[in-house]
Every structure is written in C-alpha cells, then in structure tokens.
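The block underneath contains the structure these notes are about, expressed in structure tokens.
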Amino acid sequence: MKSGINSRQRSAQAFAEACQILPGGVNSPVRAFAGVDAGPLFIARASGSKLYDIDGNEYIDYVCSWGPMILGHAHPKVLGAVMEAAGHGTSFGAPTLAETALAQKVVAAFGSIEKVRMINSGTEAVMTAIRLARAFTERDYIVKMVGCYHGHSDSLLVAAGSGPAELSRPSSKGVPQRLAELTIAIPYNDIEAFKAAFEKYKGRIAAVLVEPIAANMGVVPPVDGYLQSLRELCSENGSILVFDEVITGFRVALGGAQQLYGIEADLTCLGKIVGGGLPAAMVGGPAGLMDMLAPLGPVYQAGTLSGNPLATAAANATLEILAGDDCYARLEASGASLQAGLEDAAKSAGIALTINRVGSIMSCFFTDKPVLNFADVQGSNIKIFKKFFAGMLKGGIYLAPSAYEAIFVSLAHSKEDIEKTVNVAHNVFSNIG
Ligand SMILES: *Cc1c(COP(=O)(O)O)cnc(C)c1O
C-alpha cells in the first residue's frame, strides 16, 4: 500500500450528503466520529484485516464492525454459506434446520445454556432477558453497572443518581423517570456497592446485569472475585444473574467469559460474533427459564426476521471455524504482541499508557493508573487519545473513533499487520511525546 493516506475528500462529501437525510449522517451514533473531532470514512469494501474507503485508502481494521468480524472480513467460507443460503430464499418466517444446528452449537459451547431464543440484535437479547427475569422472580428491580452497555432499550439508558441513596435517572431523553427508577445503577467492579444494593432492595431485585468483561467503556476486566460475588449474592437472593456476553461470547473463548472465569450465569445474552457479521443475536439459559417464553409460557417475545436464513448460515459457518483447534491461542498471541508493541512504543516516547486486555480485545488508556471502573476510564487523557487516533488513521490504522471503545483483533490480522501497526504507533507517539 502507499505510505500514508490520501485525501478523504470523497468521504467528506458523502458525509455532507448523508447528513441531509440521516440524523447526524449515520445510523448509529458512534459512527459519526464525534468523539475524535473528525468526520467518518465511508467504506467501499473490506477483505481480511483490511478496510477500503471510497477515496481508495487502505486501512488495517481494528474495529471489525465493533466485534463481529472475528474471522476478518469477507471470509470465503462465511461468504459461501451466505450465498448458498441466499440462493434458497432469504426469509420464510418458518423454522429451518439451520436454526436447530446453530442452537446446538451454542448449547455445546456454553455449559449454562440449555435452550436459546434467536433475535436480531443485542438490544433485544437483553430486553428479553430482563422480561424473563422479571416474570420468573415476580420482581421489578434490575441492577446494572455504570459504564456497562446493554443496548438502547429504555430500562438500560439510565445513569446513577447523584448520591448513593439517590434513585437512577434517565441518561436519554424520552426515557420515563418512573422506568429509570426500577434500574439500580452501581459502579462496576465494586463488590461493596453491590452488597449495599442487595441490602437496600432486599427481595426486590429480579436481575443483575453485567458485562463479565466490560468492553463498552474500553476494556475493563473484572477484578478477582467480582463475578464470583455477583454469582453468590444472586443465588442467595433468588435474583437472576444475566451475563451480557454480546462482545465476549465466542470472543474470549468459545464459551465466552463464563468459560474463561469458570462462572455460570443464569441467562446469557449473545450477539455480534454469533451473527457471523449479519444481524443475529440470542438469549439463552436453562430450560426452566427459557420455556417461560411464548408459545410455551406467559412471557411474550417474537420477531419477523428472527433466525433469518442468511444470518443463521453466516453464524453456523463462523462458529464451525471458531471451534477449530487453535483459534483462541492465535487470537491471544496476536493480542499479546500488539499490546507489547504499543506499550513499548508509548514507553520510548515517555507517554503514560495503561492497556487493559483479555485475549483479542484491548483498550489504550492514557494514564499511569490502573483502570478498574468508569471513573478511572474518565480519568484517562482524552486529548492524547484523539491525537493517537488521528495519527494512527493517517498512518493507515483504523481504530474505534472513541476513547471508550475496544480494539478488536481478528484471526485475519497477520504478524505483518501487527508489526506495521506498532511501527505507526512508534511514529505517532514520538510526535505526541
Ligand atoms: C453491542 C452490545 C449490545 C447491543 O447490541 P446491538 O446488536 O447493537 O443491539 C449489548 N450489549 C453489549 C455488551 C454490547 O457490546
């Protein structure tokens, strides 16, 4: 590829045009690049680890569609499966053999899952998990951790109250205060705050939601014993523990964070990778809970395109490849070498950098302190992040355009890709430092 990046003139024009008819020019907010004071690239195509914009620039892609593209883009096996399925018709609104085959793969990967319901997005997966938990426990309150993201449904767009005894409030206009009050928001990785919430709302908490490895405030792994404590307190209090593994499922291990840490959730939300790059997601758990869903049980849930043949074909192909021998060892090796390279580059430029990493997901926080929760994340230097982002982009490295997102490494990222990325980082850091 040419060294450096050409003009982004066409993307700029395309964005201006899109802004006329799409709010903010995009169909999901973070795509607008507002967090990095720039405009988005319009993407023409992608292949393996590379992304190509409409100006003809090539980038090494560490966004990977925000996680799904763990095999890299346009993987021939996945494409083949999707084309074959498309040839047979793209949607029937009726059961197919491929859905059962996909469910079997998920049940085999997760010890805590006996049955799954397929839906189209992670947002829906979490919505459904909450409804199931409320129905099962006949309680209304749910607990979420500040900085964890669980999609854009009303109950989860809440911020913690201003004091520890205050009720949560909506974090988005349009969410009723009375609904927000049913969601208790506490800091991530804080076992004491969690115990206090259980004490205060004794016998009234239906579900506790957590990203077992937080990855939507940047990557923030659980501290030792945290997930264990959540598990124990939920069991003691008859609350449903929901692991939102929309990012971590099939990412940090085939069986997600539950396999990695040896802890079982009651309900598991899956998305991103489980759609193989197409829109698909799932909620899963023991039969006793899952059978509460319609048509068997009293909890209503439905979807016109659920279990869609194209998405199911992509998912089956993706999960088959991931079940192969050394995928997670390779992802770990690539992740570790990128982390080491970036740390070394920052160190030689005298820039304070803390990298949190689990396997193939990681985040760069420009701080010399450990980052264990959202307050720590907010304490990192965003100005340096913006310079880092801009410099990397100019050098042909496409990172998430926000300091609160993860770097995703895929199986398509080669040793050369990682080396190039580290070289660009050396230049960028030495210009910042
Ligand atoms: C992306 C994400 C969601 C939302 O999934 P969508 O498919 O975007 O609705 C929910 N939870 C987590 C942890 C996510 O990363």
Side-chain angles (χ1 to χ4, degrees), residues 26-32 62-70 110 116-131 133 142-158 171-172 183 185 188-189 207-222 227 230 241-253 256-258 260-261 265 267-284 301 303 305-308 311-312 314-315 318 356 358-363 374 377 400-402 404-408:
V26 291
N27 284 311
S28 196
V30 74
R31 294 180 195 172
Y62 290 101
V63 180
C64 290
S65 189
W66 305 93
M69 313 314 300
I70 195 168
F110 283 80
V116 297
R117 170 64 53 95
M118 298 178 188
I119 54 263
N120 301 123
S121 69
T123 296
E124 287 175 272
V126 182
M127 270 170 52
T128 304
I130 292 172
R131 191 172 303 147
I142 58 176
V143 174
K144 93 172 273 285
M145 315 305 167
V146 175
C148 286
Y149 177 69
H150 303 289
H152 59 91
S153 69
D154 285 349
S155 291
L156 296 165
L157 295 180
V158 305
S171 64
S172 163
T183 303
Y188 182 72
N189 265 339
V208 172
L209 267 92
V210 69
E211 287 181 78
I213 300 162
N216 284 286
M217 51 174 142
V219 173
V220 184
L227 297 175
L230 300 190
L241 179 60
V242 182
F243 273 10
D244 182 348
E245 297 226 41
V246 168
I247 282 190
T248 52
F250 300 103
R251 165 62 65 181
V252 296
Q258 295 177 58
L260 198 64
Y261 298 113
L267 288 173
T268 301
C269 300
L270 298 167
K272 300 202 164 105
I273 289 172
V274 89
L278 273 81
M282 289 181 201
V283 56
Q301 193 284 329
L305 292 173
S306 296
N308 173 263
T312 305
T318 299
N356 283 353
V358 181
S360 58
I361 48 175
M362 72 189 86
S363 287
F374 192 52
V377 171
S402 161
Y404 301 133
E405 303 287 350
I407 286 172
F408 292 95

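Numbering of ligands and ligand atoms starts at 1, following listing order. Just so it is clear, the values below take in all heavy atoms, side chains as well, and ignore hydrogens, waters and symmetry mates.
The ligand atoms of ligand 1 that sit less than 4.0 angstrom from a heavy atom of N216 are 12 (C), 13 (C), 14 (C), 15 (O). Numbered from 1 in the order shown, with element, the atoms of ligand 1 that lie under 4.0 Å from a heavy atom of S121 read 7 (O), 9 (O). Atom numbering of ligand 1 starts at 1 in the shown order; those under 4.0 Å from a heavy atom of E211 are 13 (C). Near I247, with a cut-off below 4.0 Å to any heavy atom, the atoms of ligand 1 are 15 (O).
Looking at atom 11 (N) of ligand 1, its nearest protein heavy atom turns out to be D244 OD2, 2.6 Å. Protein heavy atom closest to atom 4 (C) of ligand 1, with residue, atom name and distance, is T123 N, 3.7 Å.
By the definition of a contact as any protein heavy atom under 4.0 Å away, atom 8 (O) of ligand 1 is not in contact.
Listed for the E245 side chain is a donor-acceptor partner under 3.5 Å among the backbone atoms of Q258. The closest donor-acceptor contact from the side chain of T312 to the backbone of G307 lies under 3.5 Å.
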Working for side chain to side chain contact (heavy atoms under 4.5 Å, CB included), residues I361 and F408: CA-CA 5 Å; I361 48 175; F408 292 95; 3.3 Å; yes

May I have the step-by-step check of side-chain hydrogen bond (donor to acceptor under 3.5 Å, both in side chains) for R131 and Q301, ending in yes or no? CA-CA 9 Å; R131 191 172 303 147; Q301 193 284 329; over 6 Å; no

Tell me, with the steps shown, if I70 and R251 meet side chain to side chain contact (heavy atoms under 4.5 Å, CB included). CA-CA 7 Å; I70 195 168; R251 165 62 65 181; 3.8 Å; yes

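What you find for S153 and M127 is that their closest heavy atoms are CB-CG, 3.4 Å. Of all heavy-atom pairs between V242 and A207, the closest is CG2-CB, 4.2 Å. Nearest approach of V274 to A315, heavy atoms of both residues: O-CB, 3.0 Å.
Only the side chain of K272 comes within contact range of ligand 1, with a heavy atom under 4.0 Å; no backbone atom does. Contacts between V126 and ligand 1, counted as non-hydrogen atom pairs separated by less than 4.0 Å, are absent for every part of the residue. Counting heavy atoms under 4.0 Å from ligand 1, residue H150 touches it through the backbone alone.
For ligand 1, the polar-atom distance check finds an N/O of G122 within less than 3.5 Å of one of the ligand's N/O atoms.
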